[in-house]
Amino acid sequence: VRMDLQERISNLMAATAVGTAVEQDLLRAGIITMGAALTATGGTSAPPLVILDTRRTAFFKRFRDQRPNICARYGHAPFDVPLNEVAAWRLAFAMGDPWRQLVPTAVFRKINDAGGALINDRKAKADLSVFAEAGGQAGAAGFWDSLLGQQDRNTQNFRYDRATRTLALIDHGFSFARSGDLCNSTIFAHARHQSSPVLSAGERAALEKLNAADLHGLRGFIAADRAMAFERRATEMLRTGRVLAPGQF
C-alpha cells in the first residue's frame, strides 16, 4: 500500500516536531529574505536561498520546482524529491555519528504557501581533496550512499570544508532507489567499494541496530517498495560484510 503525500508529510512533521535545536530553528524562525540559490551551477532545480531571522541560511527545495521529466528518469515523482531530503536526515539522525554529521538537517515547511524541504546550509564547496584529507569521512559517505541507494552523488553533490576538514553530503532527492532504478553517479560509494569494501565494526553494529529498530521509522517516510529495497540492502550488507557495488539497488 502506497502512502499518500499527506501521510508522509504528517509523519515527517511529527518526527521533527520535538527534534534538534537546528530542526526547531528551521521550522519556526522567521524569514528575512528568500532569493536565488548561490550555487556554482543551476543543477536540475536550484533551490532558493533562505535567510532566517536567526541568521541561519538554508535552501528551500520546493515541490513545485522539481522537473517531472528528470524526476521520472530517476523513478521518482516530483513530490518524492523534497521529502527524501527530510527522510534522509531523520535516518541519519537516528543512526548517529558519523552519518548524523554528514547529512544536513532538513525539515518539511511551508513558506509563502509553497511546501518543501528546508535544508540547513553547509557552507563549503565541492572539493575532491576530501578523499586525501578526510578519508574516514569519505569512507563513511560511501557506506551511507550504498545503503541509501543514492542515485546521483556526482562531483558537485557534496561539500567539503578544508579548514575544518568536514564533509557534508547534499542532495538526497534521488535516493532510496529500487531495483532497476537509474544510477547516474555515486563517487563515494565507488571509491569505498574499490578501496575498502569490508564493513567496519561500527557499520555492522549500525546495520544490526537498524534492523532491530524496524528501520528507525523509515517505513513511515517513504513508499513501501523503497523501504523494502532499503531493507534488502541492509540485509545483504550484513550477510556479506561488505558495502554494495555502486548501483546495486
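Residues: numbered from 1 along the sequence shown. Just so we're clear, the structure is a prediction, and the values are computed from it rather than from any experiment.
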Peer 1: State whether a side-chain donor-acceptor pair under 3.5 Å links Q248 with H193.
Peer 2: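 Per modelled atom types, Q248 and H193 side chains form no pair under 3.5 Å.
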Peer 1: Let's go through T54 and D25 carefully: what are the C-alpha distance in whole Å and the side-chain angles of both, what is the deciding distance for side-chain hydrogen bond (donor to acceptor under 3.5 Å, both in side chains) to 0.1 Å, and is it a yes or a no?
Peer 2: CA-CA 8 Å; T54 56; D25 203 13; 3.0 Å; yes
Peer 1: Find out whether L169 and N157 are in side-chain contact, i.e. whether some heavy atom of one side chain is under 4.5 Å from a heavy atom of the other.
Peer 2: no
Peer 1: Can you find a side-chain donor-acceptor pair between D121 and T57 that sits under 3.5 Å?
Peer 2: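 Checked: D121/T57 side chains pair up, N/O donor to acceptor below 3.5 Å.
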Peer 1: Applying side chain to side chain donor-acceptor pair (under 3.5 Å), can you list everything that pairs with T166, at least two apart in sequence or on another chain?
Peer 2: T164
Peer 1: Any ion pair linking R73 and D181 (charged N to carboxylate O, less than 4.0 Å)?
Peer 2: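 Looking at R73 together with D181, the answer is no, because their closest N to O distance does not fall below 4.0 Å.
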Peer 1: I'd like to know if R90 pairs up with E23 as an ion pair, taking the criterion as any Lys NZ or Arg NE/NH1/NH2 lying under 4.0 Å from an Asp or Glu carboxylate oxygen.
Peer 2: yes
Peer 1: Indicate, with yes or no, if F108 and V22 share a hydrophobic cluster defined by side-chain heavy-atom contacts under 4.5 Å among Ile, Leu, Val, Met, Phe, Trp and Tyr.
Peer 2: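 Not linked; separate clusters.
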Peer 1: Under 4.0 Å between a Lys/Arg side-chain N and an Asp/Glu carboxylate O for D127 and R159?
Peer 2: no
Peer 1: How far apart are the closest heavy atoms of F221 and N11, and which atoms are they?
Peer 2: CE2-O, 3.6 Å
Peer 1: side-chain contact (heavy atoms from CB on, under 4.5 Å) between I187 and N154: does it pass, once the steps are laid out?
Peer 2: CA-CA 6 Å; I187 59 171; N154 59 52; 5.7 Å; no
Peer 1: With a 4.5 Å cut-off on side-chain heavy atoms, are F60 and I119 touching?
Peer 2: no
Peer 1: Please determine if D214 and R219 form a salt bridge, counting it only when a charged side-chain N lies under 4.0 Å from a carboxylate O.
Peer 2: yes
Peer 1: Considering only heavy atoms from C-beta outward, does the side chain of L244 approach that of R233 to under 4.5 Å?
Peer 2: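 When only atoms from C-beta onward are counted, R233 and L244 do touch, with a gap below 4.5 Å.
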Peer 1: Partners of A88 by side chain to side chain contact (heavy atoms under 4.5 Å, CB included), sequence neighbours excluded?
Peer 2: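 If we apply the side chain to side chain contact (heavy atoms under 4.5 Å, CB included) test to A88, skipping adjacent residues, the hits are W144, L148, H172, F176.
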Peer 1: Between Y160 and Q137, do the side chains contain a donor N or O and an acceptor N or O under 3.5 Å apart?
Peer 2: no
Peer 1: Quick one: are C71 and D80 in side-chain contact, heavy atoms under 4.5 Å?
Peer 2: no
Peer 1: Within the structure provided, determine whether L26 and L52 are in side-chain contact (heavy-atom separation under 4.5 Å).
Peer 2: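 Yes, side chains in contact.
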Peer 1: Are the side chains of N184 and Y74 in contact, using a 4.5 Å heavy-atom criterion?
Peer 2: yes
Peer 1: Is a salt bridge present between E236 and R239, judged by a nitrogen-to-oxygen distance below 4.0 Å?
Peer 2: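 Salt bridge flag = yes for R239 with E236.
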Peer 1: I want to know whether F188 and F143 have ring centres closer than 6.0 Å.
Peer 2: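 When the ring centroids of F188 and F143 are compared, they turn out to be at least 6.0 Å apart.
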